[in-house]
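Hydrogens, waters and symmetry mates play no part in the numbers below; they use all other heavy atoms, side chains included.
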Amino acid sequence: MVKDNQNPTENDIILEKTCDKIVAAILSADRKAANELLERFAQENSFDTAVTSVLEPSLERIGRMWETNAQVSLAQGYVAGKIAEDFMAKMVERYGEITLSDLDKDKHRINSRKIAVIGNIEDDYHALGRKLVGTFLTMAGWQVHDLGNDVPAEEFIQTAVETNARIIGASSMMYSAATNIAQIREKLEQQNLTNQIKLAVGGAVFRLRPELVHEVGGDGTAPNAVKAPALFEHLLNQLP
């Protein structure tokens, strides 16, 4: 995406136009057209770029439109999620294994400690980013327990304890909901679990306000879903 106060490059313009087409396909519920656009872009560039520079920004734009009630229906949100799932499934089908460069280094490190619980924190309903993270974690060998949207802090903790998860991943798009993540940190400390479970946080608000990671008690964040497995691996390695 083009940053403020910068002249767009030719590549910026191409990315912007591609995102425009993806968003238009989602809004018209044209799942086939969106999939074809993504696959063509990935073939001409790379899957890394297709995910981080086209798919994720397009989904974030849809999320912002939903947040501002800009005529985005539940059906269109469903289509957006399915497009993301289609793209990841096609990548796995074609290559048969993890192909993204950020995940390659993890594919031989699968073990029983790689268990994670993810979800959108209480009062947050922006599922698309979380689903992408879950997909990439699964591809990287993690056993993922996805709790869905609007998850209370206690449910994160309880599920992590029950499943022996070492990482909790809490997501929020908006600041108003992100502050609820602090309750997970409080409960981890109250139950003496800080040396057993790490807290990863993510969502658009953490890219806009990096200091928020510390404010809510997060142990780390990733700039996008592609980088999430590396973050989770890093946090896992910090545990005894």
Side-chain angles (χ1 to χ4, degrees), residues 48 51-52 88 92 97-122 124 127 129-172 177-207 209-240:
D48 301 63
V51 172
T52 60
M88 299 307 162
V92 173
E97 62 179 15
I98 301 165
T99 59
L100 296 176
S101 58
D102 290 291
L103 304 185
D104 284 341
K105 60 179 177 295
D106 292 329
K107 65 184 177 184
H108 297 302
R109 302 177 65 179
I110 297 173
N111 58 63
S112 60
R113 298 177 71 231
K114 296 174 73 168
I115 303 173
V117 172
I118 66 172
N120 286 68
I121 192 62
E122 190 170 9
D124 192 275
R130 185 200 76 244
K131 288 183 177 180
L132 275 178
V133 168
T135 298
F136 280 108
L137 287 173
T138 300
M139 290 169 58
W142 286 79
Q143 178 183 339
V144 179
H145 299 273
D146 189 340
L147 302 180
N149 295 328
D150 189 29
V151 183
E154 185 57 44
E155 186 173 347
F156 278 103
I157 304 293
Q158 181 178 343
T159 304
V161 171
E162 291 175 350
T163 61
N164 293 318
R166 309 307 302 276
I167 311 292
I168 288 174
S171 175
S172 177
T179 55
N180 291 332
I181 295 176
Q183 297 175 29
I184 300 178
R185 170 56 60 197
E186 292 174 4
K187 293 183 182 299
L188 286 172
E189 293 177 350
Q190 290 170 2
Q191 299 180 38
N192 297 317
L193 293 172
T194 55
N195 291 325
Q196 300 177 44
I197 300 172
K198 289 290 186 178
L199 176 59
V201 298
V205 67
F206 292 100
R207 289 192 293 277
R209 302 181 59 169
E211 72 280 1
L212 190 59
V213 177
H214 175 73
E215 290 178 15
V216 301
D219 291 307
T221 190
N224 53 57
V226 175
K227 302 283 187 180
L231 169 66
F232 277 50
E233 187 83 18
H234 173 69
L235 295 179
L236 179 64
N237 290 334
Q238 293 180 357
L239 292 169

For Phe232, which residues count as a ring-ring contact (aromatic ring centres under 6.0 Å, His included) partner, sequence neighbours excluded?
-> Trp142
Of all heavy-atom pairs between Ala165 and Val117, which one has the smallest distance, and what is that distance?
-> CB-CG2, 3.7 Å
Exercise: identify the closest heavy-atom pair between Val133 and Ala228 | CG1-CB, 3.9 Å
Check: residues 185-205 side-chain donor-acceptor pairs under 3.5 Å, at least two apart:
| from | atom 1 | to | atom 2 | distance (Å) |
| --- | --- | --- | --- | --- |
| Arg185 | NE | Gly217 | O | 2.8 |
| Arg185 | NH2 | Gly217 | O | 2.8 |
| Arg185 | NH2 | Asp219 | OD1 | 3.3 |
| Arg185 | NH2 | Asp219 | OD2 | 2.9 |
| Lys198 | NZ | Gln238 | OE1 | 3.4 |

Pairwise salt bridge (charged side-chain N to carboxylate O under 4.0 Å, His left out) hits with a residue in residues 137-148, at least two apart = Arg130-Asp146
Start with the C-alpha distance between Gln183 and Glu154, add both sets of side-chain angles, then the distance that settles side chain to side chain contact (heavy atoms under 4.5 Å, CB included), and finish with yes or no.
-> CA-CA 8 Å; Gln183 297 175 29; Glu154 185 57 44; over 6 Å; no
How long is the gap from [atom1] on [X] to [atom2] on [Y], to the nearest 0.5 Å?
{"X": "Glu233", "Y": "Ile167", "atom1": "CD", "atom2": "CD1", "result": "9.0 Å"}
{"X": "Phe156", "Y": "Ile168", "atom1": "CZ", "atom2": "CD1", "result": "7.0 Å"}
{"X": "Leu137", "Y": "Gln143", "atom1": "CG", "atom2": "CD", "result": "12.0 Å"}

Within the side chain of Asp124, is there an N or O that forms a donor-acceptor pair under 3.5 Å with the backbone of Ala177?
-> no
Contacts of Ala222 that satisfy side chain to side chain contact (heavy atoms under 4.5 Å, CB included) - sequence neighbours left out | Lys227, Leu231
Residues at least two apart in sequence or cross-chain that pass side chain to side chain donor-acceptor pair (under 3.5 Å) with Gln158, listed by chain then number, are Glu162
The residue among Ile121, Val151, Val216, Asp150 that forms side-chain contact (heavy atoms from CB on, under 4.5 Å) with Asn180 is Ile121
Could you walk me through whether Glu215 and Thr179 pass side chain to side chain contact (heavy atoms under 4.5 Å, CB included), step by step?
-> CA-CA 8 Å; Glu215 290 178 15; Thr179 55; over 6 Å; no
Check against side chain to side chain contact (heavy atoms under 4.5 Å, CB included), Arg113 and Leu239 | CA-CA 10 Å; Arg113 298 177 71 231; Leu239 292 169; 3.9 Å; yes
